[in-house]
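Protein chains get the first letters and strands the later ones, always in sequence-line order, with residue 1 at the start of each.
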Number of protein chains: 2
Amino acid sequence: MVSKPTSKETARKPNMREAILAAAEELFATNGFNAVSVRDIAQAAGANPGSVTYHFKTKDGLLLEIYRRHCGPMNLRRSELLAAARRVRDLQDRLEAIVRAYVVPAFTSGSDLAGGGARFTRLRAVMSAEGNEVARKIIAQTFDDTSHAFIDSIHDSLPHIPRNEIVWRSHFLLGALYYSLVTPDRVSRLSRGEADGSDAAMAIEQLVQATVAAFQAPALDQAAPARRRPVASKT
Amino acid sequence: MVSKPTSKETARKPNMREAILAAAEELFATNGFNAVSVRDIAQAAGANPGSVTYHFKTKDGLLLEIYRRHCGPMNLRRSELLAAARRVRDLQDRLEAIVRAYVVPAFTSGSDLAGGGARFTRLRAVMSAEGNEVARKIIAQTFDDTSHAFIDSIHDSLPHIPRNEIVWRSHFLLGALYYSLVTPDRVSRLSRGEADGSDAAMAIEQLVQATVAAFQAPALDQAAPARRRPVASKT
DNA sequence: ATGTGATTTGTACTATCGTACAAAAGATCA
DNA sequence: TGATCTTTTGTACGATAGTACAAATCACAT
């Protein structure tokens, strides 16, 4: 009962549990939850199928543990970066810093987990698309607070934009962020090989630049209504 | 139960084949490909599992037929709207019209198929996230031409922006579009019920407004480099 | 009414799924 | 070393997956 260095320091020895988590993360993020079997995961981790059951009880439990592993550190990092961003004086700079505080942790490692940031964000994107229930629950109760904090901070920088519209634009930001991680090859393809969709640093810069401009767009109410002219629809 | 007059084609009578397609579309778009069984689809369509095999041979064949059904009409509609948009004189109006020509067919019906536009786009988003091979192939060879046409048209309206950056921003647009259809409830939640994420007309307007501004943002090269100051990172 | 081709049904087969569980192997310390 | 946990292995079980196929049913021209 004693003498087990309470799982905090076990990280040094080659750990089967960690290998399973990493393999599951990668496979889920690439192929979705249902397309990956417990046996696939075990094989990728060099483990026995029964070992997965032993450590995580069920497949859902494994997914849950992946989320638990990442949510805390990523949220913490975001909060720190957001706090720093809010201290920026210049309004334009502050807005950019806030957006960057939201984007950067999603692309880079959220903790000491090697390169797990982008992979975990990609996983979240896929689970979100599949309407995974386990993920839905834990995400709503983990990230909604942070999202509200970001929205409010952006609203402080852009008080003339209604909060609802900032919500929409934040939503677009998250969608763009997700999609950039899910299908980076499409960027390479459409640019005819001239851009690399897998270049995280470039993705961040492009995303921040585009998003800051999107946030700064005039609100819908305030957009000159005379200019609005819908394109002809056939039906 | 007699006498549905066989007007020329099979299109008029209540068709089991159509019911299966519609049910599959909805289920795939909501839960992903692997989470939905052929039996689920048959039950939702009020059909027999064997009927699915009869009409579409395999589950992949069913998915393929869904794509075939929608890709043509949606592409056609987009081309028409794009052609009209390109004729707009005012540059600002033209850019907005182009973006609208890209967005509107994704949200609304792409043909006579009832309300299928948004549903099919949601399906594409989910298949893209899951890395579905069948979808990947047909999408790349069906939509890439159209995407290039849009990118080139936008580039014509914004010649001072490098084409690569327009590719990035178009990519963000598609990501935002997808995500709006995949999790509209998140908009409702984060706006504390004040906005309805399922309001397609509102989503279109918000998306167009934000995206036009994003496209008009200065290029990365041209963004005043003195202003760029990364937020402090801890690691 | 009947024959014919198209469709629907019912069922069965094999593969693989998630999970359970007992036995083997390692690890830890008196 | 032997006793006691912890971890890994091997295997098995019931459920469900995709698909095949023969029989039943339907639509309709003759």
Task: Contacts of type salt bridge (charged side-chain N to carboxylate O under 4.0 Å, His left out), residue B:Arg186, not counting sequence neighbours - done: none

Open item on the list: Which residues pass the salt bridge (charged side-chain N to carboxylate O under 4.0 Å, His left out) test with A:Asp196, not counting sequence neighbours?
Closed with: none

Task: Whole-Å distance separating the CZ atom of A:Phe56 from the C1' atom of D:dT6 - done: 15 Å

Open item on the list: Less than 4.0 angstrom between a side-chain N/O of A:Tyr54 and OP1 or OP2 of D:dT7, yes or no?
Closed with: yes

Task: Cationic N near anionic O, under 4.0 Å, B:Glu130 to B:Arg136 - done: no

TODO: Could you check how far CG of A:Leu62 sits from P of C:dC17, rounded to whole Å?
DONE: 15 Å

- [ ] At under 4.0 Å between heavy atoms, which parts of nucleotides 10-24 of chain D does protein reach? Answer with one letter per nucleotide, 5' to 3': B base, S sugar-phosphate only, - none.
- [x] B-B----BBBS----

Task: Atom-to-atom span, CZ of B:Arg17 to P of D:dA27 - whole angstrom - done: 19 Å

Only distances under 3.5 Å count here; give the side-chain donor-acceptor pairs of residues 174-181 of chain A to other protein atoms, sequence neighbours excluded, each with its distance to 0.1 Å.
from: A:Tyr178; atom 1: OH; to: A:Arg124; atom 2: NE; distance (Å): 3.4
from: A:Tyr178; atom 1: OH; to: A:Arg124; atom 2: NH2; distance (Å): 3.2
from: A:Ser180; atom 1: OG; to: A:Ala176; atom 2: O; distance (Å): 2.8

- [ ] Only counting residues at least two apart or in another chain, list the ones meeting salt bridge (charged side-chain N to carboxylate O under 4.0 Å, His left out) with A:Glu26.
- [x] A:Arg122

Open item on the list: Listing request: all ring pair (Phe, Tyr, Trp, His ring centres under 6.0 Å) pairs with a residue in residues 182-203 of chain A, at least two apart in sequence or in separate chains.
Closed with: none

- [ ] Answer yes or no: does a side-chain N or O of A:His55 lie under 4.0 Å from OP1 or OP2 of D:dT6?
- [x] no

